[in-house]
Amino acid sequence: MIAPRDVLERDRAVLSGNEYRHLYVHVPFCARRCSYCDFSIAVRRNVPVQEYVSALESELEIRRSAHDVIELDTVYVGGGTPSRLGVDGVSQLMSVLRSRANIASDAEVTLEVNPDDISADAVRRWRSAGVNRLSIGIQSFHDNVLSWMHRAHTGDDARVAVRIARDSGISAVSVDLIFALPDNLERDWPRDVDGILALEPQHISLYGLTIEKGTPLAAWQARGEVSAASEERYEQEFLSAHENLTAAGFEHYEVSNFGLPSHRARHNSAYWSGAPYLGVGPSAHGFDGSARRWNIAAYAHWQRAVAAGNDPIAGEELLSTENRVAESVYLSLRTRDGLVVSETDLPLIDRWRKAGWIEDVCSEEKDSQVVRVRCTPYGWLRLDALAADLTLGRSC
């Protein structure tokens, strides 16, 4: 393990070389924990806005040289529930970021919000603070499902929130849905997909429900109160969403993401391309091009560390050549852009192509020995196995 001082010096070297063009900010606060959530959050009735923003400012100062300027093409404020900071808190956060970085005039600046935090005044003030894209956690329009998830909003709240966001000046709206819910909820998946399309968002993220250790959902499963959806239904809902959303004009450009033309998520696309990115806040992850680092997860411990002037690093992984190969294969296959391979690699994927999990290969350019392969929707459902097979073949 590299010592924290070495990590800090390398981060500063990357910053001074302007290699970080993307920033992730983790805001941990939530009003309650969703039944499926295993993220690093801090449930607070009263959010310590000033304390958090001050700590964030301290971490940014710790992680940069005195005279370096960070040039950013994307900023993603996630959580947790960043909108729990309140309108003034979001404005203060953005002010701190602008004081420590140059945010490009055409940068994508995303704020994760819950529908119940959206109002016309809030949207206008977020926009004034520099936010130009909202990621709204809808998850479902069924009120019984939302209650089971411990969500604070209703289906009607979600519909109204998206319309308010657009009418109040932020047209770049992404919405989240969760599929493959337990059978006993009797969730009507096609109805939820149709409901999302009716709101005309520019971007849609779909996530299959997984039961993670330590969550309320895991406890319910242990008591026999809930069972995970079958693999057959997981596949059916994923494929039906693909069919309906692409028919409506959305590009299925990444395994979990759909965008209208020219509306791919730029920040997340940086992750999938292997670009360096800086992560600040409790539990935030970052990547400098050669190593991944992650911060202390617990809010109170992170806050105390930065208040004392210490880099809040909790751990780091320096990627080996094998790690890099495996990650490159996996990340490339996650996206519609696919994986560039040489013709000598083609026998490795031939059986996957015949099974319908890889699309027919295409040449990168005329008379080239380089080709690109892409997963079909069926292939994305088997992404782990496919990536492992290709990685093993490349390392032999």
Side-chain angles (χ1 to χ4, degrees), residues 26-47 77-85 111-118 134-162 174-193 195-196 199 204-238 240-241 255-257 281-285 297-300:
H26 188 74
V27 181
F29 307 110
C30 287
R32 64 182 76 176
R33 181 178 288 276
C34 293
S35 59
Y36 51 82
C37 175
D38 70 336
F39 292 168
S40 176
I41 68 167
V43 176
R44 296 286 191 276
R45 181 184 298 272
N46 298 309
V47 176
V77 185
T81 312
S83 51
R84 286 281 295 161
L85 290 174
L111 179 72
E112 285 187 354
V113 299
N114 278 348
D116 40 302
D117 290 326
I118 292 178
L134 296 180
S135 177
I136 305 176
I138 290 178
Q139 316 312 350
S140 176
F141 293 106
H142 295 65
D143 288 347
N144 68 307
V145 170
L146 294 168
S147 177
W148 176 85
M149 290 179 174
H150 295 171
R151 305 291 291 178
H153 68 276
T154 66
D156 284 342
D157 291 338
R159 295 183 184 93
V160 171
V162 173
S174 177
V175 297
D176 292 357
L177 282 181
I178 296 180
F179 66 96
L181 300 181
D183 290 333
N184 64 296
L185 292 175
E186 299 182 346
R187 190 263 198 93
D188 185 341
W189 176 237
R191 175 187 157 195
D192 271 351
V193 173
I196 284 294
L199 295 178
I204 300 170
S205 296
L206 304 182
Y207 301 105
L209 182 69
T210 57
I211 301 178
E212 304 292 348
K213 292 181 180 179
T215 62
L217 183 55
W220 299 342
Q221 183 186 50
R223 294 195 297 264
E225 298 173 4
V226 68
S227 298
S230 66
E231 291 184 6
E232 290 77 14
R233 190 157 64 78
Y234 187 105
E235 179 172 316
Q236 186 275 327
E237 291 188 359
F238 177 82
S240 68
V255 60
S256 299
N257 288 279
S283 83
H285 285 57
Y299 168 70

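In what follows, every heavy atom counts, from backbone to side chain, and hydrogens, waters and symmetry copies are set aside. Values in this document were obtained by computation on a predicted structure and should not be read as measured data.
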Report task. Calculate, to the nearest 0.5 Å, the distance between atoms CD1 and CG belonging to I178 and L206 respectively. Result -> 10.5 Å
Query raised in the report: Between atom CG of L217 and atom OG1 of T210, what is the distance when rounded to the nearest 0.5 Å?
Result: 8.5 Å
Query raised in the report: If only atom types and distance count, is the side chain of R84 paired as donor or acceptor with the main-chain N or O of R44 below 3.5 Å?
Result: yes
Report task. Identify the two heavy atoms, one from P282 and one from P28, that lie closest to each other, and give their separation to 0.1 Å. Result -> CG-CG, 3.7 Å
Query raised in the report: Under 3.5 Å, is there a donor-acceptor pair between the side chain of N184 and the main chain of V226?
Result: no
Query raised in the report: So how far is it from T154 OG1 to H142 NE2, rounded to the nearest 0.5 Å?
Result: 13.0 Å
Report task. Could you tell me the separation between the CG atom of L134 and the CD atom of E112, rounded to the nearest 0.5 Å? Result -> 10.5 Å
Query - Shortest non-hydrogen contact between F141 and R191, atoms and distance - result: O-NH2, 4.3 Å
Report task. Please report the closest heavy-atom contact between D116 and A152, naming both atoms and the distance. Result -> OD2-CB, 3.7 Å
**Report entry** Minimum heavy-atom distance between C30 and T81, given as atom pair plus value
**Finding:** SG-OG1, 3.2 Å
Query - Shortest non-hydrogen contact from D192 toward L177 - result: O-CD1, 4.0 Å
Query raised in the report: Is there side-chain contact between S227 and D183, with heavy atoms separated by less than 4.5 Å?
Result: no
Query raised in the report: Could you go step by step and tell me if E237 and V193 meet the side-chain contact (heavy atoms from CB on, under 4.5 Å) rule?
Result: CA-CA 10 Å; E237 291 188 359; V193 173; over 6 Å; no
Report task. Quick one: sort the W220 and H150 rings into parallel, tilted or perpendicular, breaks at 30° and 60°. Result -> perpendicular
Report task. Answer whether the closest heavy-atom distance between the side chains of P190 and S240 falls below 4.5 Å. Result -> no
**Report entry** Taking every non-hydrogen atom, the tightest pair across Y36 and L209
**Finding:** CB-CD1, 3.6 Å
Query raised in the report: Y299 vs F29 aromatic rings, parallel, tilted or perpendicular, using cut-offs 30° and 60°?
Result: perpendicular
Requested in this report: Can you measure from CG (L185) to CH2 (W148) and round to the nearest 0.5 angstrom?
Outcome: 5.5 Å
**Report entry** Whether R33 side chain and C37 backbone form a donor-acceptor pair below 3.5 Å
**Finding:** yes
Report task. Taking the side chain as every heavy atom from C-beta outward, state whether S135 and D176 have any pair of such atoms under 4.5 Å apart. Result -> yes
Query raised in the report: If we ignore angles and hydrogens, is there a donor and acceptor under 3.5 Å between the side chains of N144 and S147?
Result: no
Query raised in the report: Between the side chain of H153 and the main-chain N/O of A161, is any donor-acceptor distance below 3.5 Å?
Result: no
Query raised in the report: Hey, are T215 and D38 close enough side-chain-wise for a donor-acceptor pair under 3.5 Å?
Result: no
Query raised in the report: From S140 OG over to M149 CE, what is the distance, rounded to the nearest 0.5 angstrom?
Result: 6.0 Å
Report summary line: Exactly one of I204, I138, V175 clears side chain to side chain contact (heavy atoms under 4.5 Å, CB included) with L199, and that residue is I138
Query raised in the report: Is a side-chain N or O of R151 found less than 3.5 angstrom from the main chain of G137, in a donor-acceptor match?
Result: yes
